[in-house]
There are 2 protein chains.
Amino acid sequence: MVRQRSTSVKGLTPADVRDEDVDVTFMVWLTSRATTDLVDSVLAPAGLDGDEFAIYSVLTAAPSITPTELARWMAAPPTTVSSYVKRFEARGHVEREPNPDDGRSYRIKLTPAGRRAHRAAAKLFIPMRTRVEEGLGPRGSEVREALLTLRSVLDEIRHTPPGALE
Amino acid sequence: MVRQRSTSVKGLTPADVRDEDVDVTFMVWLTSRATTDLVDSVLAPAGLDGDEFAIYSVLTAAPSITPTELARWMAAPPTTVSSYVKRFEARGHVEREPNPDDGRSYRIKLTPAGRRAHRAAAKLFIPMRTRVEEGLGPRGSEVREALLTLRSVLDEIRHTPPGALE
DNA sequence: ACGAAAAACTGCGATATCGTAGTACCATGG
DNA sequence: CCATGGTACTACGATATCGCAGTTTTTCGT
């Protein structure tokens with residue numbers, strides 16, 4: 001998975017790009033890459049990557065969900081979700097049951113094996129989570145708050161057609 | 001690229017997962033997906049996706065950089081960077097020049113065409129950035145601050161071998 | 001109740017990501 | 001100055017992502 005060094009490279013190379021005056025979006029990108037790298041490497045032994053763990057977590061929290069709902073959750077295109085489901089099902093980690101409300105659709109549920117896989121991954125995840133929380137210390141809640149704010153702003157923009165100025 | 005709706009799905013479905021008591025990492029994941037979706041859709045007409053735009057931006061800020069440095073920057077494995085470079089070069093957007101300090105390596109530079117492409121993408125990006133900043137309002141600096149904090153914590157953990165407890 | 005439009009999903013194919021393993025080069029010790 | 005080990009990069013191959021276009025079912029207007 002490759003453990004990388006630091007964002008501030010070597011001595012002086014591209015380090016002159018100071019974070020303070022960089023775009024929020026760019027920082028999200030950077031943060032996200034760092035998170036992915038860390039989480040993926042932590043979860044690797046459990047055979048799940050970060051995305052998969054996140055999805056399994058959603059499936060754990062929400063007893064059952066449709067592909068479309070999942071797609072909205074993770075802001076992913078339906079085809080991607082479709083192949084996720086296929087993959088998870090092949091692993092025996094999720095199963096589909098007919099959606100009583102809509103014949104075109106179905107609902108996804110973790111199987112016991114899926115729950116077990118999630119628990120195994122969680123066991124690796126928790127210590128990391130703890131370290132992150134410790135690292136954040138009291139600022140933890142501010143960070144969470146900030147992410148929340150940011151996400152709601154993003155969502156609002158995402159769902160506003162380009163032309164529509166309020 | 002698919003424009004999705006909202007994180008809080010429909011009426012009541014998986015909405016019972018309240019953000020407040022969700023993991024920071026998970027929120028980063030969610031935020032990152034939303035960001036990717038938004039940025040990709042905004043930049044699409046310019047023929048760059050978010051990742052590419054970010055890299056072009058780094059290359060704009062840092063006059064030249066080696067693949068390894070770039071890999072550290074974006075916390076990506078070297079093979080990924082390698083194929084990025086190949087792709088960008090094929091587009092005529094970057095060029096390699098020999099690294100005087102190291103014969104195994106080389107330095108990457110945006111070509112004029114590459115700079116042009118970046119500028120074109122930036123033209124689409126700026127309005128979005130503005131909307132995000134407006135949406136954040138005075139909380140903008142806190143959000144930036146939070147991301148900064150988070151990233152430094154993540155980096156520190158990432159670079160600490162699993163066993164090494166301080 | 002019917003037909004048109006929209007929505008949920010998927011097969012397929014193009015492209016992207018990234019692990020494995022290999023090559024070229026540098027650095028260190030003796 | 002050579003050997004040994006480490007580092008920078010990449011070819012190749014496996015798998016993942018996701019757009020396009022098509023099918024099935026639902027929704028809505030009349």
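A quick note: this is a predicted structure, and the numbers were derived from the prediction, not measured. Residue numbers start from 1 in every chain, and the chains themselves are labelled A, B, ... in the order their sequence lines are given, proteins ahead of strands. No hydrogens, no waters, no symmetry mates; every other heavy atom, side chains included, goes into these values.
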Student: Quick check on D:dT10: is either OP1 or OP2 less than 4.0 Å from any side-chain nitrogen or oxygen of B:Ser82?
Tutor: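 Yes.
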Student: Does a side-chain N or O from B:Thr80 land closer than 4.0 Å to OP1 or OP2 of C:dC18, or not?
Tutor: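 Looking at the OP1 and OP2 atoms of C:dC18, one of them is under 4.0 Å from a side-chain N or O of B:Thr80.
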Student: Determine whether the aromatic ring centres of residues A:Phe88 and A:Tyr56 are separated by less than 6.0 angstrom.
Tutor: yes
Student: Between atom CG in B:Asp51 and atom C1' in D:dA16, what is the gap in whole Å?
Tutor: 14 Å
Student: Rounded to whole angstroms, how far apart are CG on A:Leu48 and C1' on D:dT15?
Tutor: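 These atoms are roughly 16 Å apart.
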Student: Any donor-acceptor pair, under 3.5 Å, between the side chain of B:Arg104 and the base of D:dT7, if you only look at N and O atoms?
Tutor: yes
Student: If you pin B:Val81 and A:Tyr84 to their nearest nucleotides in DNA chain D, which one's is more 5'?
Tutor: B:Val81
Student: Excluding sequence neighbours, so at least two apart, what forms side-chain hydrogen bond (donor to acceptor under 3.5 Å, both in side chains) with A:Thr25?
Tutor: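 A:Thr25 satisfies side-chain hydrogen bond (donor to acceptor under 3.5 Å, both in side chains) with A:Asp23 only.
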Student: Kindly point out which of D:dC18, C:dG19, C:dT17 is positioned nearest to the side chain of B:Thr79?
Tutor: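 The closest nucleotide is C:dG19.
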Student: What's the CZ-P distance between A:Arg96 and C:dA8, to the nearest Å?
Tutor: 16 Å
Student: Taking only the side-chain heavy atoms of B:Tyr106 (C-beta and beyond), determine which of D:dC18, D:dC9, C:dC18 contains the nearest atom.
Tutor: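 For B:Tyr106, the side-chain atoms sit closest to D:dC9.
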Student: How long is the gap from CH2 on A:Trp29 to CE on B:Met74, to the nearest 0.5 Å?
Tutor: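 Output value for this atom pair is 4.5 Å.
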Student: More 5' along DNA chain C: B:Glu52 or A:Ser105, using each one's nearest nucleotide?
Tutor: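 Whichever sits nearer the 5' end wins; that is A:Ser105.
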Student: Tell me the interatomic distance from A:Asp37, atom CG, to C:dC18, atom C1', rounded to whole angstroms.
Tutor: 12 Å
Student: Let me know the distance between NZ of B:Lys86 and C1' of D:dA11, rounded to the nearest Å.
Tutor: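 It is 7 Å, rounded to the nearest whole Å.
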Student: Write down the atom of A:Thr31, the atom of B:Leu150, and the distance for their closest heavy-atom approach.
Tutor: CG2-CD2, 3.9 Å
Student: Starting at CG of A:Asp49 and ending at C1' of D:dA14, how long is that distance when rounded to a whole Å?
Tutor: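 Taking CG of A:Asp49 and C1' of D:dA14, I get 15 Å after rounding.
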Student: Could you state the atom-to-atom distance from CG of A:Asp101 to C1' of D:dT26 in whole Å?
Tutor: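 In whole Å, D:dT26 C1' lies 12 Å from A:Asp101 CG.
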Student: Under 3.5 Å, is there a donor-acceptor pair between the side chain of A:Thr80 and the main chain of A:Ala76?
Tutor: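 Side chain of A:Thr80 to backbone of A:Ala76, a donor-acceptor pair under 3.5 Å: no, none is there.
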Student: As a test of reading the structure: which of D:dT26, D:dC18, C:dG19 is closest to the side chain of A:Asp102, going by heavy atoms?
Tutor: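 The answer is D:dT26.
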Student: Measure CZ/A:Arg33 against C1'/C:dA16 and give the value in whole Å, please.
Tutor: 12 Å
Student: Compare side-chain N and O positions of A:Arg87 against OP1 and OP2 of D:dT15 and report whether any pair is under 4.0 Å apart.
Tutor: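 For D:dT15, OP1/OP2 do not have a side-chain N/O of A:Arg87 under 4.0 Å.
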